[in-house]
> 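Can you keep this structure in mind? I'll have questions shortly.
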Amino acid sequence: MSVCMRRLITSTRGFLWSDVETRALLDIWGEADVQSALDGNFRNSHVYRDVAGRLGELGFERTPEQCRIRIKGLKRQYYQAREGLRKNGQARKICRYYDEMDRILRARPAPASSGDPAASCGALPDLHGVHLLQPDPTCAEDCSRELREEDFEEIEEEEEQAGSGGPESPQDNFTEDSGEGSSCYTEHPIKVEHGSGFAIPLPPNDVLERPFSLRPTRPAKDMENIFQLVRNVIPPMTSKKHKGQDGKIGIIGGCKEYTGAPYFAAITALKVGADLSQVFCTKDAATVIKSYSPELIVHPVLDHPNAVSEVDKWLPRLHTLVIGPGMGREDAILDNAKGIIEKAKSKGLPIVIDADGLWLIAQQPSIIQGYQRAVLTPNFMEFSRLYEAMLSEPVETSDQHGSVLRLSQAMGNITIIQKGERDLISDGDKVLVCSHEGSSRRCGGQGDLLAGSLGVLVHWALLAGPEKINAQNPFLVAAFGACSLTRQCNHQAFQKYGRSMTTSDMISEVGTAFNKLFET
Ligand SMILES: NC(=O)C1=CN([C@@H]2O[C@H](COP(=O)(O)OP(=O)(O)OC[C@H]3O[C@@H](n4cnc5c(N)ncnc54)[C@H](OP(=O)(O)O)[C@@H]3O)[C@@H](O)[C@H]2O)[C@@H](O)CC1
Ligand SMILES: Nc1ncnc2c1ncn2[C@@H]1O[C@H](COP(=O)(O)OP(=O)(O)OP(=O)(O)O)[C@@H](O)[C@H]1O
């Protein structure tokens with residue numbers, strides 16, 4: 001490595017990378033056009049110029065060299081974790097961004113001579129939330145990663161360190177994000193790059209991603225402070241309000257088999273801050289749901305012969321409808337749900353559709369197509385069903401952004417949240433990614449919590465008006481808020497209960513999670 005190069009690298013150290021900033025960098029670095037530009041190029045400074053530019057669009061000011069060095073450090077951690085396991089069956093070092101790095105590096109095309117050695121390494125279950133690779137004797141040394149300029153420098157640098165006989169410098173320990181602790185930005189001030197050492201709060205954990213690589217996009221600055229936009233829509237607590245003003249949410253769902261799902265959604269709506277939460281369920285389910293909580297108003301009407309008109313009576317007194325949790329898939333109930341959706345649409349009521357509501361939509365998409373006051377919240381299966389119904393082909397799993405964007409467009413620009421390891425949110429124009437830290441615990445009901453909180457946030461975002469949200473799509477703002485909140489509840493509850501965590505534990509965290517994210 002040249003002296004000049006070494007000096008440049010040294011000068012780019014000394015600044016903390018926050019969790020959100022690192023995730024934003026990884027999202028950009030992982031984009032297909034960046035990866036293919038890096039592939040096979042020994043000189044990559046022009047690529048990192050572009051990476052830094054894209055990061056800048058998201059509000060993170062970094063030089064190309066800082067981006068390159070950060071990526072290099074992350075790759076080192078990733079390969080060390082992987083190598084540690086390969087050699088000793090143990091990770092020498094936990095790499096916080098292992099999953100992200102793994103996803104990106106595994107997706108890289110295999111070197112022509114060796115096939116894809118990385119792909120031949122099977123995934124092991126989590127180790128402290130980190131996916132590690134199974135040792136595989138057929139794997140070539142270090143899974144034969146491709147060599148790039150940054151790799152060469154990494155090797156040289158490691159040799160230098162080895163030569164000095166010492167561990168990473170104290171400064172390195174300081175500059176490298178240890179990866180421990182919460183990603184909540186209020187807890188992680190970062191230092192300004194060339195400043196006087198004062199701390200500024202981190203930008204929010206939101207990333208606006210290009211739906212398609214190489215495609216010109218709208219300015220990312222538009223949505224750069226989406227966390228702040230969520231905060232802006234939260235109604236003030238004053239003594240001047242009457243009951244109902246902060247939200248009256250209706251949940252359509254609950255049948256003999258599923259009483260938990262509507263309860264989770266309804267109680268979450270209350271805990272987020274709605275004043276009233278009403279469940280419209282079948283007769284069988286009503287007493288059961290009522291017994292879970294005296295806070296909920298429960299109507300045993302969903303299997304009533306006049307179900308649609310029974311619910312319709314209440315619609316003028318509701319702010320948002322959440323349709324689907326625990327609704328079941330009986331034809332008669334689905335017919336009633338369809339009728340209720342028609343009534344709600346005619347009144348312009350915002351609608352969140354989840355679970356069995358999405359089953360109905362996959363059968364008859366026209367029920368909701370083009371109604372832009374709706375948000376659909378599919379999990380992986382539900383997304384696949386909808387996608388195939390609308391686009392007559394299987395989901396392109398290697399292009400999640402494109403898939404969610406295309407589905408939203410096909411549905412007439414309805415907002416869609418594709419739930420998963422990262423929640424992808426699109427209104428057919430933008431794709432937002434919420435990768436706020438949650439946990440590896442996947443107990444049932446988390447989607448119901450999301451749906452209930454979304455019902456409230458949608459109402460608040462609409463109520464707040466365009467000025468409070470910089471004229472952005474209120475459904476996107478609400479969706480991002482609900483995803484972040486769900487993940488924060490998951491994170492907090494998991495810290496307390498680990499593997500035994502249930503959705504009820506997450507619901508107990510709604511208050512503190514909400515305060516932490518939006519009110520501190
Ligand atoms: N306590 C309660 O009352 C609760 C009630 N609930 C209510 O249950 C009803 C049905 O909802 P649902 O989610 O089980 O139905 P659906 O989406 O068809 O999945 C069916 C199958 O698809 C698969 N699968 C799912 N996700 C996947 C993934 N990411 N990746 C890969 N595969 C995935 C998986 O298949 P498996 O692994 O079992 O083979 C799954 O079993 C609905 O009313 C809902 O509200 C829940 O809210 C929970 C709490
Ligand atoms: N692989 C994952 N890693 C991290 N978080 C996840 C993952 N999958 C889901 N989540 C979180 O759980 C939330 C709910 O997603 P999930 O796929 O469990 O929905 P669902 O199947 O509809 O839930 P429900 O059990 O209520 O029907 C997501 O919004 C996300 O916050």
Side-chain angles (χ1 to χ4, degrees), residues 23 98-100 103 123 125-126 129-131 183 205 251-268 279 281-282 284-285 288-289 292 302 322-330 333-334 337 352-363 375-387 395 397 400 404 416-425 432-454 457 479-494 501-504 506-507 509 513 517:
R23 287 182 194 280
Y98 194 95
D99 287 345
E100 289 80 359
R103 190 169 45 235
D126 268 8
V130 177
H131 286 287
S183 65
N205 188 16
I251 312 291
I252 308 291
C255 62
K256 191 174 175 187
E257 291 83 5
Y258 306 124
T259 52
Y263 162 76
F264 291 146
I267 198 75
T268 300
V279 178
C281 59
T282 64
D284 275 343
V288 181
I289 296 172
Y292 297 152
L302 210 48
V322 177
I323 300 184
M327 192 166 74
R329 294 174 190 172
E330 267 186 37
I333 303 290
L334 294 179
V352 172
I353 304 189
D354 185 33
D356 300 319
L358 294 170
W359 173 266
L360 170 65
I361 298 303
Q363 317 302 313
V375 188
L376 311 186
T377 58
N379 63 19
F380 175 81
M381 282 299 286
E382 292 154 349
F383 187 88
S384 306
R385 277 188 214 116
L386 282 172
Y387 193 92
V395 179
T397 46
Q400 287 181 308
V404 71
I416 294 179
I417 302 176
Q418 185 187 10
K419 297 178 292 192
E421 187 179 353
R422 305 185 307 161
D423 295 318
L424 301 189
I425 306 163
L432 285 176
V433 179
C434 181
S435 49
H436 193 81
E437 190 173 7
S439 83
S440 47
R441 176 81 171 112
R442 297 273 68 81
C443 54
Q446 302 184 28
D448 305 318
L449 191 156
L450 175 72
S453 57
L454 182 59
L457 285 165
F480 189 86
C483 290
S484 313
L485 181 65
T486 305
R487 301 172 85 95
Q488 179 68 23
C489 291
N490 181 304
H491 181 69
Q492 289 182 200
F494 187 74
M501 179 197 97
T502 63
T503 297
S504 296
M506 285 172 60
I507 288 168
E509 300 296 323
L517 290 181

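Numbers here are sequence positions counted from 1. In each ligand, atom 1 is the first atom listed, and ligand 1 is the first ligand listed. What you are looking at is a predicted structure, and each value in this text was computed from that prediction instead of being measured.
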> So, using ring pair (Phe, Tyr, Trp, His ring centres under 6.0 Å) as the criterion, who are the partners of Y258 when residues are at least two apart?
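For Y258 there are no ring pair (Phe, Tyr, Trp, His ring centres under 6.0 Å) partners, ignoring immediate neighbours.
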> Does ligand 2 have any atom sitting under 4.0 Å from a heavy atom of G445?
yes
> R422 and side chain to side chain contact (heavy atoms under 4.5 Å, CB included): which single residue from E100, R103, R23 fits?
R103
> Please report, to 0.1 Å, the donor-acceptor pairs under 3.5 Å made by any side chain of residues 444-453, with sequence neighbours excluded.
| residue | atom | partner | partner atom | Å |
| --- | --- | --- | --- | --- |
| Q446 | OE1 | R442 | NH2 | 3.0 |
| Q446 | OE1 | N490 | ND2 | 2.8 |
| Q446 | NE2 | R441 | O | 3.0 |
| Q446 | NE2 | C443 | O | 3.3 |
| S453 | OG | L449 | O | 3.1 |
| S453 | OG | L450 | O | 3.0 |

> Counting heavy atoms only, which of K419, R385, M327 comes nearest to atom 19 (O) of ligand 1?
R385
> If we set the cut-off at 4.0 Å for heavy atoms, which region of E257 has an atom near ligand 1: side chain, backbone, both, or neither?
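None of E257 does.
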> Among H436, R442, R441, K419, which residue places a heavy atom closest to atom 10 (N) of ligand 2?
R442
> From atom 2 (C) of ligand 2, work out which of E382, E421, Q488 has a heavy atom at the shortest distance.
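That would be E421.
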> Would you say atom 35 (O) of ligand 1 has a protein heavy atom nearer than 4.0 Å?
no
> Nearest to atom 44 (C) of ligand 1 by heavy atom, G260, G420, G326, S504: which?
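Looking at heavy atoms only, the winner is G326.
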> Number the atoms of ligand 2 from 1 as they appear, then name those within less than 4.0 Å of a heavy atom of N379, with their elements.
17 (O), 19 (O), 20 (P), 21 (O), 22 (O)
> Please classify the D448 to ligand 2 contact at 4.0 Å (heavy-atom distances, strictly less than): side chain, backbone, both or neither.
both
> Closest by any non-hydrogen atom to atom 26 (N) of ligand 1: pick that one out of I289, N379, L358.
N379
> Counting heavy atoms only, name the option from S439, P325, G447, A261 that's nearest to atom 26 (O) of ligand 2.
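Nearest heavy atom to atom 26 (O) of ligand 2 lies in G447.
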> With atoms numbered from 1 as shown, which atoms in ligand 2 lie under 4.0 angstrom from a non-hydrogen atom of R487?
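Numbered from 1, ligand 2 contributes 30 (C), 31 (O).
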> Select the closest option to atom 11 (O) of ligand 1 among R442, M381, R329, judged by heavy-atom distance.
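Among R442, M381, R329, the closest heavy atom to atom 11 (O) of ligand 1 belongs to R329.
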> Based purely on interatomic distance, does A261 place a nitrogen or oxygen under 3.5 Å from a nitrogen or oxygen of ligand 1?
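N/O-N/O distance under 3.5 Å: yes.
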> Determine whether H436 and L517 satisfy the following criterion, side-chain contact (heavy atoms from CB on, under 4.5 Å), listing intermediate values before the conclusion.
CA-CA 11 Å; H436 193 81; L517 290 181; 3.6 Å; yes
> Counting distance only, does the side-chain N/O of S435 pair as donor-acceptor with the main-chain N or O of D423 below 3.5 Å?
no
> Can you tell me which portion of A355 lies within the under-4.0 Å heavy-atom range of ligand 1? Options are side chain, backbone, both, or neither.
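It is the side chain that gets close, since no backbone atom is under 4.0 Å.
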> I'd like the name of whichever of A355, G420, G260 reaches closest to atom 8 (N) of ligand 2 through any heavy atom.
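Ranked by closest heavy atom to atom 8 (N) of ligand 2, first place is G420.
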